[in-house]
Trainee: 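Just passing along the structure, written as structure tokens.
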Amino acid sequence: MRDFSKEEILHVLKTAKKMEDGKFSDLLNGKIMASLFFEPSTRTRLSFESSMNSLGGRVIGFSDPKQSSSVKGESLQDAIKITEGYCDVIVMRHYLEGAAKLAAESANIPIINAGDGANQHPTQTFLDLYTILKFKGKLDGLTVGFLGDLKYGRTVHSLAYALSYFNVNMVFIAPESLEMPSNDLKELKDKKINCKEVESLNPVIKDLDVIYATRIQKERFSDSLEYEKVKDAFILDKSILKNAKDELIILHPLPRVNELNYDLDDTDNAVYFDQAKNGIPVRKALLALVLGKIQ
Ligand code: CP
């Protein structure tokens with residue numbers, strides 16, 4: 001997210017709205033996107049591939065790195081230098097923090113970070129912002145509660161950074177072992193963002209306009225016992241709404257495990273399925289912008 005100014009973020013969101021409202025079926029005719037997923041994905045990969053296809057482009061790539069020459073020991077830099085000869089843009093998810101930056105330094109074509117380890121997930125952030133804007137009509141003047149795995153949750157790190165451009169209060173709700181990383185917190189405080197850290201949702205729920213719930217990221221724990229201790233730290237169900245604002249919206253990047261009870265799904269507060277759908281206009285916009293097909 002640090003590659004984007006506030007103006008650029010707003011421009012991407014405006015372009016996503018154009019994509020949602022208009023017909024651009026030939027915009028990326030003749031363009032090829034390589035989709036390199038070194039980690040599992042449903043939403044990010046499929047919505048990027050669907051977006052590229054809908055805009056008239058084509059897709060190559062892999063969703064299982066075992067089918068790539070990385071298993072023979074090929075370096076990421078070499079894989080990127082080779083792949084860029086076959087396509088116009090690379091969308092990459094990788095388990096290592098900083099992998100997207102390394103790829104971008106090795107490439108002469110655009111690299112889109114589809115998630116790098118526990119670090120960042122910027123395209124998710126654009127669809128999170130798009131969803132908040134759609135349901136709240138604004139990004140300023142909101143109190144946003146981030147809940148769950150704030151240590152390993154890359155979507156949280158990206159979204160908190162992006163929201164720091166706006167007049168937003170942030171509440172970080174997590175068990176002590178999964179708190180927001182101190183460098184992210186310091187960065188927010190240096191930007192004079194009003195931040196609060198708590199371990200329980202109950203005392204703060206009445207203040208929240210947005211809950212951004214997250215999955216406890218089992219795959220990032222080196223010690224499975226540590227995961228067992230916190231895996232059910234938060235389980236939200238309909239009963240939380242009793243003390244919440246009527247207009248509270250609940251977002252989640254998905255997939256969920258136990259943290260969102262299915263009884264929330266039919267409430268007006270649950271917007272996580274709309275949020276996932278917004279991956280299409282947002283990723284269409286990002287592809288069209290990085291390929292220079294829309295201003
Ligand atoms: N939100 C998200 O990144 O989902 P996937 O892991 O399924 O892509």
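Note that these values count all heavy atoms, side chains included, but never hydrogens, waters or copies made by symmetry. Counting starts at 1 for both ligands and their atoms, in listed order.
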Trainee: Let's go through S106 and K81 carefully: what are the C-alpha distance in whole Å and the side-chain angles of both, what is the deciding distance for side chain to side chain donor-acceptor pair (under 3.5 Å) to 0.1 Å, and is it a yes or a no?
Mentor: CA-CA 6 Å; S106 310; K81 279 191 203 304; 5.1 Å; no

Trainee: For ligand 1, would you mind listing the residues that have at least one heavy atom less than 4.0 Å away, ordered by chain and number?
Mentor: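 Lining ligand 1: S41, T42, R43, T44, R93, H121, Q124, P253, L254.
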
Trainee: Does the ring center of Y165 lie less than 6.0 Å from the ring center of F4?
Mentor: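 Between F4 and Y165, which both carry aromatic rings, the centre distance is not below 6.0 Å.
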
Trainee: For residues 197-211, run the donor-acceptor check on the side chains, cut-off 3.5 Å, and write out each pair with its distance to 0.1 Å, sequence neighbours left out.
Mentor:
{"residue": "S200", "atom": "OG", "partner": "N202", "partner atom": "N", "Å": "3.4"}
{"residue": "D209", "atom": "OD1", "partner": "K245", "partner atom": "NZ", "Å": "2.9"}
{"residue": "D209", "atom": "OD2", "partner": "T143", "partner atom": "N", "Å": "2.7"}

Trainee: Using a 4.5 Å cut-off on heavy atoms from C-beta on, say whether the side chain of F126 contacts that of R283.
Mentor: no

Trainee: Please assess Y161 against L188 for the test side chain to side chain contact (heavy atoms under 4.5 Å, CB included), listing each intermediate value before the final yes or no.
Mentor: CA-CA 7 Å; Y161 181 85; L188 296 172; 5.7 Å; no

Trainee: Exactly one of F146, Y212, Y272 should register a side-chain contact (heavy atoms from CB on, under 4.5 Å) with L251. Which one does?
Mentor: Y212

